[in-house]
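In what follows, a structure is listed as structure tokens, so that the remarks can point back to it.
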Amino acid sequence: MRIKTVPVDDQSCGWYQILPEPQPPRVLAGHQKADWVVVGGGFVGLASARRLAELRPNDRIILVEALRIGQGSSGRNSGFVIDLPHKRDLENPDINFKRKIIGLNEAAIQSLEEVVTRYSIDCQWSRAGRYQAAVGARGIEYLNKYKLLLKNISHPHTWLDRAALARVLGTSYYEAGIFIPTGILMQPAALVRGLGQTLPPNVEVYESSPIVSFDRSAGKFELKTPQGSIVCPKLLLGTNVYSAEFGFLKSRMLPVMTFASITRPLTLREFDADGGKENWGLTPADHAGTTLRFTSDRRLLIRNQYRFAPDYASSESRRAAVRQKHREGLTNRYPHLRDVEFEYTWGGVCGLSRNYTAFFGKVDDGIYTSACHQSVGAARGTISGQLLAELATGQDSQLLSDMIAVSGMPAANPPEPFLGVGVRTRMKYEAWVSRSEL
């Protein structure tokens, strides 16, 4: 099977571009044999490879990544590792379902934190919690619902009025917010790169090596790259929306691109002028609203604007239009920073499903995958990657049982052109009704 579309880096992701230049990649070349192959160097693939190496220390494990580790979607998010169920999962009436998700996410945070601490990964890792905030009446309605959901699961939180929130954010733009003291802030590209650099020695990492064909013969898989090939009996796919290119979960995922822009570091004078605090993260009460980060190195990040992205890519003209929208959003919040330019604007593709269901498990003999994470890939990807390795090696645990219980099959999508028309129409509607929260 020929892989029609492979990941391509557009060199626009600010998180990655501000990192030091990495060592040259080790590119897959020649004919290789392995006991296990992990495809994808994001949260799922890295966690799978690390856990496999622990469970099978004498096996040869190859992790192959189409780009440099950190350039893909896992390095392009807003930098949150969230412990709570996300949006519609939190609305599930089954409290045990929600407790399972919280337990899985907390296990992911603990696992990541252990690696970050052990190897001193410089990724701005911080237990700073996060803020959920609202601008107007629509947002306040969502925020009140969110408060009730938090009370329902007895999760700690604090309600903040406009003045209290302004003392943190340095802007009076928001009417109210909720502070959730749990969860992590981090620099995603730095974290992912650090995870890739600290894998156990029986994991061989090959970067800049996209899979261009995938075939099965005599009970084994052969994966070809532009310069080499690998034969293996077991395959773990950390490929998310690209899983469809391998023939799995086809027509069951919606590739949606979200966009972010990040400024240069603010000067001390610019920082002091807004009167806020350092190192915070804000997510919108209205899911179609705006995400904000103020990083520990004093950069402001803003994320909103969405598009259906079946091509998994964004053009410079598209990013320029998004950058203008981001400029308006940032200036509305911080008028005194109107002349502070964005250094980078980028998009990142996430996998959504129409029934808000993520997939975890076996997709064929010898092939396992975790995909369609509904925009919460840092926690979900990490723990599902670990548990995918356990599932593939015949382990058993309560966490594995919980992961299976909260997973399922993403709903089938209608065919094109109906899918594209429907998704784009829905996204335009959501942007319109949520315009007061942008």
Strictly by modelled atom types, are [X] and [Y] linked by a side-chain donor-acceptor pair under 3.5 Å?
X: Ser111; Y: Gln386; value: yes
X: Thr345; Y: Arg327; value: no
X: Tyr356; Y: Glu91; value: no
X: Arg26; Y: Ser209; value: no
X: Thr182; Y: His155; value: yes

Any non-hydrogen side-chain atom of [X] less than 4.5 Å from a side-chain atom of [Y]?
X: Ser12; Y: Tyr344; value: no
X: Met257; Y: Tyr306; value: no
X: Ile101; Y: His86; value: no
X: Leu143; Y: Lys147; value: no
X: Trp36; Y: Thr393; value: yes
X: Trp125; Y: Leu112; value: yes
X: Tyr242; Y: Val349; value: no
X: Leu104; Y: Leu387; value: yes

> Does Arg426 make a cation-pi contact with Phe308, if we ask for NZ or CZ under 6.0 Å from the ring centre and within 45° of the axis?
Replying inline: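 No; the conditions do not both hold, so Arg426 does not lie above the ring face of Phe308.
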>> One pair to check against side-chain hydrogen bond (donor to acceptor under 3.5 Å, both in side chains): Arg130 and Thr291. What are the steps and the verdict?
In response: CA-CA 11 Å; Arg130 67 184 171 93; Thr291 296; over 6 Å; no
Where is the tightest heavy-atom contact between [X] and [Y], given as atom of each residue plus distance?
X: Arg303; Y: Ser78; result: CD-OG, 3.2 Å
X: Arg193; Y: Pro20; result: NH1-O, 2.8 Å
X: Cys372; Y: Arg252; result: SG-O, 4.4 Å
X: Asn304; Y: Gly289; result: CB-O, 3.8 Å
X: Phe179; Y: Ala128; result: CE1-O, 3.5 Å
X: Ala244; Y: Met253; result: N-CE, 4.4 Å

Which residue pairs satisfy the salt bridge (charged side-chain N to carboxylate O under 4.0 Å, His left out) criterion with at least one member in [range], sequence neighbours excluded?
range: residues 381-409; result: Arg51-Glu390
range: residues 356-378; result: Arg216-Asp364, Lys362-Asp365
range: residues 307-317; result: Arg307-Asp311, Glu316-Arg319, Glu316-Arg323

Could you grab the distance from atom [atom1] of [X] to atom [atom2] of [Y], nearest 0.5 Å is fine?
X: Ser48; Y: Leu236; atom1: OG; atom2: CG; value: 5.0 Å
X: Met403; Y: Ser397; atom1: CE; atom2: OG; value: 10.0 Å
X: Leu84; Y: Leu149; atom1: CG; atom2: CG; value: 10.0 Å
X: Phe43; Y: Ser74; atom1: CZ; atom2: OG; value: 5.0 Å
X: Leu52; Y: Ile61; atom1: CG; atom2: CD1; value: 5.0 Å
X: Tyr206; Y: Gln32; atom1: OH; atom2: CD; value: 4.5 Å

> Once the angle between the rings of Phe342 and His326 is folded into 0 to 90°, is it parallel (under 30°), tilted (30 to 60°) or perpendicular (over 60°)?
Replying inline: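 Geometry flag for His326 against Phe342: perpendicular rings.
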> Using the ring of each side chain (for Trp, its six-membered ring), is Phe294 parallel, tilted or perpendicular to Trp280, with breaks at 30° and 60°?
Replying inline: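 Aromatic pair Phe294/Trp280 classed tilted.
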> Is the number of heavy atoms from other residues, nucleotides or ligands within 6.0 Å of CG (Asp297) greater than 12?
Replying inline: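 Correct, the count exceeds 12.
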> More than 12 heavy atoms of other residues, nucleotides or ligands under 6.0 Å from NZ of Lys325: is that the case?
Replying inline: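 Check fails, neighbour count at 12 or below.
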> Which residue pairs pass the side-chain hydrogen bond (donor to acceptor under 3.5 Å, both in side chains) test with at least one member in residues 221-236, sequence neighbours excluded?
Replying inline: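 Output for this query lists His31-Ser229.
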>> Under a 4.0 Å threshold between the charged nitrogen and the carboxylate oxygen, would Glu204 count as salt-bridged to Arg60?
In response: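 So Arg60 pairs with Glu204 through a salt bridge.
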> Quick one: do Lys100 and Asp89 make a salt bridge, cutoff under 4.0 Å?
Replying inline: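 Salt bridge between Lys100 and Asp89, a charged N being under 4.0 Å from a carboxylate O: no.
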N/O donor-acceptor pair under 3.5 Å between [X] side chain and [Y] backbone:
X: Asn240; Y: Ala371; answer: no
X: Arg138; Y: Asp286; answer: no
X: Thr117; Y: Glu114; answer: no
X: Glu416; Y: Gly420; answer: yes
X: Arg50; Y: Leu195; answer: yes

>> Does Tyr312 form a side chain to side chain contact (heavy atoms under 4.5 Å, CB included) with Val241? I'd like the steps, not just the answer.
In response: CA-CA 9 Å; Tyr312 316 127; Val241 293; 4.0 Å; yes
>> For Met409 and Leu249: C-alpha separation, side-chain torsions, deciding distance, then whether side chain to side chain contact (heavy atoms under 4.5 Å, CB included) applies.
In response: CA-CA 9 Å; Met409 180 59 72; Leu249 302 178; 4.0 Å; yes
> Who passes salt bridge (Lys or Arg N to Asp or Glu O under 4.0 Å) against Arg333, sequence neighbours left out?
Replying inline: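 If we apply the salt bridge (Lys or Arg N to Asp or Glu O under 4.0 Å) test to Arg333, skipping adjacent residues, there are no hits.
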>> By the definition side-chain hydrogen bond (donor to acceptor under 3.5 Å, both in side chains), identify the one residue from Gln71, Arg68, Gln23 that meets it with Glu207.
In response: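 Per the side-chain hydrogen bond (donor to acceptor under 3.5 Å, both in side chains) rule, the option paired with Glu207 is Arg68, out of Gln71, Arg68, Gln23.
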>> Give me each pair satisfying ring-ring contact (aromatic ring centres under 6.0 Å, His included) with a member in residues 405-433, each pair once, sequence neighbours excluded.
In response: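 Every candidate ring-ring contact (aromatic ring centres under 6.0 Å, His included) pair involving residues 405-433 fails, so no pair, neighbours aside, qualifies.
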